[in-house]
**Student:** 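Here it is, the structure in full.
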Amino acid sequence: MTRTIGLIGGMSWESSAEYYRLLNEETRRRLGGHHCARSLLLTVDFAEIEAMQRAGDWAAAGRTLAAAARTLERAGADMVLLCTNTMHRVADVVEAEIGVPFLHIVDATASRIASAGITTVGLLATRYTMEMDFYRDRMRAHGLEVIVPGEEDRALVHDVIYRELTMNRVEDASRRSYRRIISTLADRGAQAVILGCTEITLLIGPDDSPIPVFDSTRIHVERAVDMALAPGTGRAAAPAAGAGR
């Protein structure tokens, strides 16, 4: 019996739809036939979350997402995924409020990168993720050094996410800019690049990069399917080291 995957989505809904698609494609790939993922999706209002981000009110955002996680657990979720990189800024708050495993996107991504023998990675993400310590410090705990773009390029990457991708706009000019930024990161010593915002996969992929690409969304999904299909019954066991807190 497969376990039920709880998804906190809406940040943005475009990337949440990608999570849902990937979860079901990966489940069918592994099980065949008409199989799909047992899942629950709770969509928060991104307008509210985005306003909290701009105001620096991470405490309020944490309370909002923790409440969403509790709702998913009560509804029968055997694990919880937060379908966003940036809001893992409040992951500890969310995790503390639930009794089922919380699958941390950084742990899943870092574990995959480290297993490939890579030690230095470039990061494309929102300004919050690129500039705050929560993401890079957690990567360092896995033995990975993180390189981020320069200030102007950080602003460009961030603006494309919020002004285009979260509004369901995919622009060729932005794709070219992202390609240039990735090449610059490679020149600075990045052995690979993390697509560290769940919307970025809507814009670029491996063919856009001269170095290996690690898609945090897909890696997060694959780890969830691992746990959902793991042997055993009932609520999911605690995640393995490096796969969640």
Side-chain angles (χ1 to χ4, degrees), residues 10-16 18 44-62 65 82-91 105-106 109-110 113 120-140 144-217 219-220:
M11 299 164 285
S12 62
W13 73 257
E14 287 86 355
S15 64
S16 301
E18 188 73 357
V44 300
D45 186 352
F46 188 43
E48 296 176 0
I49 298 295
E50 192 271 337
M52 294 170 189
Q53 291 175 340
R54 282 188 288 108
D57 196 351
W58 299 100
L65 298 181
L82 187 53
C83 301
T84 161
N85 280 269
T86 297
M87 295 315 299
H88 277 73
R89 167 70 173 74
V90 298
I105 197 168
V106 176
T109 304
I113 294 168
T120 304
V121 289
L123 174 63
L124 298 182
T126 66
R127 290 195 74 133
Y128 309 112
T129 304
M130 290 187 287
E131 295 178 0
M132 291 181 171
D133 292 334
F134 75 95
Y135 203 94
R136 288 176 294 173
D137 285 352
R138 201 167 182 111
M139 282 283 170
R140 288 191 187 103
L144 300 173
E145 283 301 316
V146 176
I147 301 173
V148 298
E151 184 174 357
E152 289 186 6
D153 283 342
R154 290 199 303 272
L156 187 154
V157 170
H158 180 93
D159 288 347
V160 167
I161 292 167
Y162 278 85
R163 297 178 183 177
E164 298 175 16
L165 300 180
T166 60
M167 305 299 289
N168 207 25
R169 289 174 51 204
V170 178
E171 304 287 349
D172 287 340
S174 297
R175 181 177 293 111
R176 289 192 294 271
S177 293
Y178 270 51
R179 287 171 174 168
R180 174 187 59 77
I181 292 168
I182 293 172
S183 293
T184 300
L185 291 171
D187 290 343
R188 291 172 53 199
Q191 299 165 288
V193 64
I194 300 169
L195 305 186
C197 177
T198 50
E199 281 84 15
I200 292 178
T201 57
L202 305 175
L203 181 66
I204 60 171
D207 292 342
D208 297 295
S209 174
I211 52 179
V213 168
F214 287 85
D215 175 0
S216 61
T217 300
I219 293 168
H220 205 198

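What's counted below: heavy atoms across the whole structure, side chains too, no hydrogens, waters or symmetry copies.
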**Student:** Decide if the gap between the ring center of F134 and the ring center of W58 is smaller than 6.0 angstrom.
**Tutor:**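 Here the rings of W58 and F134 have centres that are no less than 6.0 Å from each other.
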
**Student:** Go through the structure and list residues passing salt bridge (Lys or Arg N to Asp or Glu O under 4.0 Å) with D45, not counting sequence neighbours.
**Tutor:**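 Scan of D45 (salt bridge (Lys or Arg N to Asp or Glu O under 4.0 Å), adjacent residues dropped) gives none.
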
**Student:** Answer whether the closest heavy-atom distance between the side chains of L82 and I105 falls below 4.5 Å.
**Tutor:**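 No, too far: nothing below the 4.5 Å cut-off.
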
**Student:** Would you say that I161 contacts V157 through its side chain, given a criterion of any heavy-atom pair below 4.5 Å between the two side chains?
**Tutor:**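 Yes - at least one pair of side-chain heavy atoms lies under 4.5 Å apart.
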
**Student:** Side chains of C197 and T86: closer than 4.5 Å at any heavy-atom pair?
**Tutor:**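 No. Closest side-chain heavy atoms not under 4.5 Å.
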
**Student:** Could you check whether any side-chain heavy atom of V170 comes within less than 4.5 Å of a side-chain heavy atom of L165, counting everything from C-beta outward?
**Tutor:**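 SC-SC contact between V170 and L165 confirmed.
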
**Student:** Can you tell me how far the OG1 atom of T129 sits from the NE2 atom of H158, to the nearest 0.5 Å?
**Tutor:**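 The OG1 atom of T129 sits 9.5 Å away from the NE2 atom of H158.
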
**Student:** Would you check, one step at a time, whether the test side chain to side chain contact (heavy atoms under 4.5 Å, CB included) holds for E18 with L202?
**Tutor:** CA-CA 9 Å; E18 188 73 357; L202 305 175; 4.3 Å; yes

**Student:** Does the side chain of V146 come within less than 4.5 Å of Y135's, by heavy atoms?
**Tutor:**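 Counting from C-beta outward, Y135 and V146 never come under 4.5 Å.
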
**Student:** Return each pair, listed once, that meets side chain to side chain donor-acceptor pair (under 3.5 Å) where at least one residue sits in residues 200-211; pairs must be two or more places apart or across chains.
**Tutor:**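 Residue pairs passing side chain to side chain donor-acceptor pair (under 3.5 Å), neighbours aside: R179-D208.
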
**Student:** Any chance CZ of R180 has more than 12 other-residue heavy atoms, nucleotides or ligands included, within less than 6.0 Å?
**Tutor:**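 More than 12 heavy atoms, drawn from other residues, nucleotides or ligands, come within 6.0 Å of this atom.
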
**Student:** How close do I200 and L124 get, heavy atom to heavy atom, and via which atoms?
**Tutor:**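 What the structure gives for the nearest pair is CD1-O, 3.4 Å.
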
**Student:** Is any side-chain heavy atom of V213 closer than 4.5 Å to a side-chain heavy atom of L195?
**Tutor:**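 Side-chain contact under 4.5 Å: yes.
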
**Student:** Just verifying a value: how many Å separate S216 OG and I194 CD1, rounded to the nearest 0.5 Å?
**Tutor:**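 So the OG of S216 and the CD1 of I194 are separated by 7.5 Å.
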
**Student:** Identify the two heavy atoms, one from V90 and one from L65, that lie closest to each other, and give their separation to 0.1 Å.
**Tutor:**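 So the two residues come closest at CG2-CD1, 4.0 Å.
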
**Student:** So which atom in P210 and which in I182 form the shortest heavy-atom distance, rounded to 0.1 Å?
**Tutor:**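 Of all heavy-atom pairs spanning P210 and I182, the closest is CD-CG2, 3.8 Å.
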
**Student:** I need the D57 CG to I49 CD1 distance, nearest 0.5 Å.
**Tutor:**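 One gets 10.0 Å once the value is rounded to the nearest 0.5 Å.
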
**Student:** For the atom pair CE (M11) and CD (Q53), what is the distance rounded to the nearest 0.5 Å?
**Tutor:**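 The CD atom of Q53 is 9.0 Å from CE of M11, to the nearest 0.5 Å.
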
**Student:** With sequence neighbours left out, what residues match M167 under side-chain contact (heavy atoms from CB on, under 4.5 Å)?
**Tutor:**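 By the side-chain contact (heavy atoms from CB on, under 4.5 Å) rule, M167 matches no residue at all.
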
**Student:** Side chain to side chain contact (heavy atoms under 4.5 Å, CB included) for T109 and M139? Distances and angles first, verdict last.
**Tutor:** CA-CA 9 Å; T109 304; M139 282 283 170; 4.1 Å; yes

**Student:** Return the set of residues passing salt bridge (Lys or Arg N to Asp or Glu O under 4.0 Å) with D137 (not counting sequence neighbours), or none when no residue passes.
**Tutor:**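 D137 satisfies salt bridge (Lys or Arg N to Asp or Glu O under 4.0 Å) with R140 only.
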
**Student:** I need the minimum non-hydrogen distance between P212 and Q191, along with the two atoms involved.
**Tutor:**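 In this case the closest contact between P212 and Q191 is CD-O, 3.2 Å.
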
**Student:** Using the salt bridge (charged side-chain N to carboxylate O under 4.0 Å, His left out) rule, collect all pairs that involve residues 165-177, keeping only residues at least two apart or in two chains.
**Tutor:**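 Every pair satisfying salt bridge (charged side-chain N to carboxylate O under 4.0 Å, His left out) with a residue in residues 165-177: R169-E171, D172-R175.
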
**Student:** Apply side chain to side chain contact (heavy atoms under 4.5 Å, CB included) to E199 and Y162, showing your working.
**Tutor:** CA-CA 9 Å; E199 281 84 15; Y162 278 85; over 6 Å; no

**Student:** Give every residue pair that meets the salt bridge (charged side-chain N to carboxylate O under 4.0 Å, His left out) criterion with at least one member in residues 124-133, sequence neighbours excluded.
**Tutor:**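 Found R127-E131, E131-R154, D133-R136.
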
**Student:** Specify the closest pair of heavy atoms between F46 and G10, including all atoms of both residues, with the distance to one decimal.
**Tutor:**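 Taking every non-hydrogen atom into account, CB-O, 2.9 Å.
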
**Student:** Quick one: pull up CD1 in I181 and OG in S174 and give me the separation to the nearest 0.5 Å.
**Tutor:**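 One gets 9.5 Å once the value is rounded to the nearest 0.5 Å.
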
**Student:** If you compare all heavy atoms of S15 against all heavy atoms of S12, which two are closest, and at what distance to 0.1 Å?
**Tutor:**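 In terms of heavy atoms, the two residues are closest at OG-O, 3.0 Å.
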
**Student:** To the nearest 0.5 Å, tell me how far T120 OG1 sits from E145 CD.
**Tutor:**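 One finds 6.5 Å between OG1 of T120 and CD of E145.
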
**Student:** Just do the side chain to side chain contact (heavy atoms under 4.5 Å, CB included) check on L156 and Y178 with the steps written out, would you?
**Tutor:** CA-CA 9 Å; L156 187 154; Y178 270 51; 4.2 Å; yes

